[in-house]
Amino acid sequence: MEMGSFDTGIYRNVFAEIGKSQEEIDRKLREAADTFFYGSEEERIYHPVGEDMGYLEDTGNNDVRTEGMSYGMMMCVQLDMKEEFDRIWKWSRTYMYMDQGENEGYFAWSCKPSGEKNALGPAPDGEEYYAMALFFASHRWGDGEGIYAYSKEARKILGACIHKGEDGRPGAPMWNRENKQILFIPGSPFTDPSYHLPHFYELFALWADQEDREFWRQAACASRRYLARACHPVTGMNPEYGEFDGTPMDRKMPWGDTHGRFYSDAYRTAANIGLDCAWFDKDEGHYGAPLRLMRFLGTDLEAARCVFEVDGTPVDKTVLHPLGLLATTAQGALAVPREDSEEAGSDWNVARRWVEWLWNQPLRRGGRRYYDNCLYLFALLALSGNYRIYSAGGKKEMRIW
């Protein structure tokens with residue numbers, strides 16, 4: 001494969017590779033974004049509040065989560081929607097941010113739409129997306145004042161993520177300082193494979209506080225190696241939660257489940273691997289996982305309606321987020337060589353089928369649309385070459401047709 005977009009400034013447009021015109025691609029992305037943010041009550045996720053705030057609702061659980069809020073900010077900076085970005089960020093800082101107690105410096109993972117906190121615990125995937133979106137906003141739009149000094153806010157979040165518990169500061173970090181892996185929750189003895197975003201850590205290593213940059217370089221390498229272990233060598237599947245050695249977590253959570261199966265959280269890993277390949281092209285043995293997943297699920301889209309153990313053993317349970325599974329698997333096509341490359345062979349035909357399936361699938365409607373449509377919109381951005389690095393150096397950006 002070629003060098004990634006970080007080095008070349010060129011962004012792969014997989015939809016163009018399967019024969020879609022740029023007009024079609026632009027229209028599809030624009031219509032999906034308009035529906036996601038401003039569609040009908042059965043379609044939209046985003047809700048403006050007052051003159052300067054807004055939130056994204058988890059429509060399946062009727063709450064507001066740092067996952068969705070930070071996702072929304074990332075979507076907005078990619079789509080050049082500064083007003084919506086600032087509204088979501090202000091809601092997050094007003095209602096979700098915690099400035100005292102054990103979780104000072106973090107964001108409460110769940111709130112009511114009124115702003116009342118449902119819990120005082122954070123979820124690390126929210127913090128890493130907040131930080132990355134804020135850096136991109138700083139580089140695309142420039143820093144403002146107060147909470148809109150985006151890069152300062154991003155560095156503050158990352159500082160808490162790795163330094164909580166030091167020098168008398170209460171709480172626990174979100175990364176294991178020894179193995180450099182992100183944790184399921186601060187201080188937990190296990191991880192979540194879908195939280196591992198080495199392509200973000202590469203950029204944190206450039207833009208975080210100077211004294212933390214080496215940590216982030218090591219975290220990027222550690223996550224790539226972890227993902228190579230966590231994704232099954234035959235099926236490409238990974239568990240929702242995993243031990244640090246990559247095996248599925250077999251301990252029960254307080255609510256009774258082990259989360260060691262290929263289920264909702266786990267779907268995001270293929271998409272993350274695809275974007276890491278597109279941006280940086282640093283394979284530690286993990287880039288083959290999305291293709292293995294595509295091959296295992298096969299030529300029948302109905303196979304993607306079943307829950308599996310990571311070794312491919314089917315479980316008598318139906319997936320909760322079928323569009324999310326389709327979108328993330330299709331985004332994994334970014335880790336498959338292009339049709340015109342020497343490495344492509346029959347692999348491209350497998351990837352092409354998944355991308356075509358996604359292209360022909362509409363946004364989900366109804367109560368469970370939140371998670372599916374977040375992953376769907378990210379996949380449209382990534383596969384159209386519009387999920388981009390906004391760099392402090394202002395590197396020229398292009399598309400590949």
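Predicted, not measured: the structure shown is a model, and the values here were computed from it.
We find that Arg169 and Glu102 are not joined by a salt bridge, their nearest charged nitrogen and carboxylate oxygen being 4.0 Å or further apart. Ion pairing between a basic and an acidic side chain is recognised when a charged N comes within 4.0 Å of a carboxylate O; Arg44 and Glu41 show such pairing. Between Glu202 and Arg217 there is no salt bridge, since no side-chain N of the basic residue sits under 4.0 Å from a carboxylate O of the acidic one. Electrostatic pairing of Asp63 and Arg65 counts as a salt bridge here, judged by a charged N lying under 4.0 Å from a carboxylate O.
Looking only at side-chain heavy atoms (C-beta outward), Leu358 and Tyr376 come within less than 4.5 Å of each other. A heavy-atom distance below 4.5 Å is not found between the side chains of Phe308 and Thr235. Between Leu293 and Met237 the shortest side-chain heavy-atom distance falls below 4.5 Å. Inter-residue side-chain proximity for Val350 and Leu291 is flagged as met; some heavy-atom pair is nearer than 4.5 Å. Under the 4.5 Å side-chain criterion, counting only non-hydrogen atoms from C-beta, Trp91 is in contact with Met69. Considering only heavy atoms from C-beta on, Leu79 comes within 4.5 Å of Leu381 through its side chain. Two residues are said to be in side-chain contact when any heavy atoms from C-beta on lie closer than 4.5 Å; Lys112 and Val64 fail this criterion. Between Arg388 and Phe136, every side-chain heavy-atom pair lies at or beyond the 4.5 Å cut-off.
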Is there a side-chain contact (heavy atoms from CB on, under 4.5 Å) between Trp207 and Arg213 once you walk through the steps?
CA-CA 8 Å; Trp207 304 329; Arg213 293 180 182 181; 5.5 Å; no

As a quick check of understanding, evaluate side-chain contact (heavy atoms from CB on, under 4.5 Å) for Ile18 and Trp348, giving each step before the final call.
CA-CA 10 Å; Ile18 66 168; Trp348 171 246; 3.8 Å; yes

Applying side-chain contact (heavy atoms from CB on, under 4.5 Å), run through Met53 and Ile88 and close with a yes or a no.
CA-CA 6 Å; Met53 287 197 281; Ile88 297 167; over 6 Å; no

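Under the rule for a side-chain hydrogen bond (donor to acceptor under 3.5 Å, both in side chains), Gln361 has no partner lying at least two apart in sequence or in another chain. Take Asp212 and apply the salt bridge (charged side-chain N to carboxylate O under 4.0 Å, His left out) test, not counting sequence neighbours, and it matches no residue. Remark: Lys156 engages Glu153 in a salt bridge (charged side-chain N to carboxylate O under 4.0 Å, His left out) (not counting sequence neighbours). With sequence neighbours left out, the salt bridge (charged side-chain N to carboxylate O under 4.0 Å, His left out) criterion links Glu23 to Arg27. Partners of Asp52 by side-chain contact (heavy atoms from CB on, under 4.5 Å), not counting sequence neighbours, listed by chain and number: Lys90. In this structure Arg87 satisfies the salt bridge (charged side-chain N to carboxylate O under 4.0 Å, His left out) test together with Glu83, sequence neighbours excluded.
For the pair Lys180 and Trp175, the cation-pi criterion (under 6.0 Å, within 45° of the ring axis) is not fulfilled. Lys164 forms a cation-pi arrangement with Tyr106, by the criterion of a distance under 6.0 Å to the ring centre and an angle within 45° of the ring axis.
Sorted by first and then second residue, the pairs that involve residues 135-147 and meet salt bridge (charged side-chain N to carboxylate O under 4.0 Å, His left out), not counting sequence neighbours, are Asp80-Arg140. Pairs passing the ring pair (Phe, Tyr, Trp, His ring centres under 6.0 Å) check and including a residue from residues 59-87, sequence neighbours excluded, read Tyr71-Tyr129, Tyr71-Phe378, Phe85-Trp141, Phe85-Tyr150. Residue pairs that meet the side chain to side chain donor-acceptor pair (under 3.5 Å) test with at least one member in residues 315-331, sequence neighbours left out, are His321-Asp372. Residue pairs meeting the salt bridge (charged side-chain N to carboxylate O under 4.0 Å, His left out) criterion with at least one partner in residues 287-297, sequence neighbours excluded, are Arg295-Asp347. A salt bridge (charged side-chain N to carboxylate O under 4.0 Å, His left out) check over residues 235-246, counting only residues at least two apart or in different chains, returns the pairs Glu243-Arg251.
Of the listed residues (Trp279, Phe280, Tyr11), just one forms a ring pair (Phe, Tyr, Trp, His ring centres under 6.0 Å) with Phe6, and that residue is Phe280. When the options Arg365, Arg364, Arg369 are evaluated for a salt bridge (Lys or Arg N to Asp or Glu O under 4.0 Å) with Glu43, the one that passes is Arg365.
Side-chain contact check for Glu17 and Asn13: no donor-acceptor pair (N or O, by modelled atom type) lies under 3.5 Å. Between the side chains of Tyr130 and Ser92, at least one donor N or O lies within less than 3.5 Å of an accepting N or O. Judged by distance alone, the side chains of Thr269 and Asn238 do bring a donor and an acceptor atom under 3.5 Å apart. A donor atom on one side chain and an acceptor atom on the other are not found under 3.5 Å apart for Tyr201 and Gln218. Of the N and O atoms on the side chains of Asp276 and His286, at least one donor lies less than 3.5 Å from an acceptor on the other residue.
Between His139 and Phe135, the two ring planes are parallel [angle under 30°; tilted spans 30° to 60°].
Using a distance-only test at 3.5 Å, with no hydrogens or angles considered, a donor-acceptor pair links the side chain of Arg177 to the main chain of Ile162. The backbone N or O of Asn61 sits less than 3.5 Å from a side-chain atom of Asp58, completing a donor-acceptor pair.
The two residues Gln78 and Asn386 make their nearest non-hydrogen contact at OE1-O, 3.0 Å. The nearest pair of heavy atoms linking Tyr287 to Lys282 is OH-N, 2.9 Å. Considering every non-hydrogen atom in both Gln181 and Asn179, the closest pair reads N-OD1, 2.8 Å. The two residues Pro239 and Val310 make their nearest non-hydrogen contact at N-CG1, 3.4 Å.
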Table please: side-chain donor-acceptor pairs of residues 183-195 below 3.5 Å, with sequence neighbours left out.
unit_1 : atom_1 : unit_2 : atom_2 : d
Ser188 : OG     : Phe184 : N      : 3.3
Ser188 : OG     : Ile185 : N      : 3.4
Ser188 : OG     : Ile185 : O      : 3.0
Ser188 : OG     : Phe190 : O      : 3.1
Thr191 : OG1    : Ile182 : O      : 2.5
Thr191 : OG1    : His196 : NE2    : 2.9
Asp192 : OD1    : Ser194 : N      : 2.9
Asp192 : OD1    : Ser194 : OG     : 2.8
Ser194 : OG     : Asp265 : O      : 3.2
Ser194 : OG     : Arg268 : NE     : 3.3
Ser194 : OG     : Arg268 : NH2    : 2.9

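Here Thr35 contributes atom OG1 and Leu363 contributes atom CG; the two are 6.0 Å apart, rounded to the nearest 0.5 Å. In this structure, the separation between CD on Glu127 and OG on Ser70 is 8.0 Å, given to the nearest 0.5 Å.
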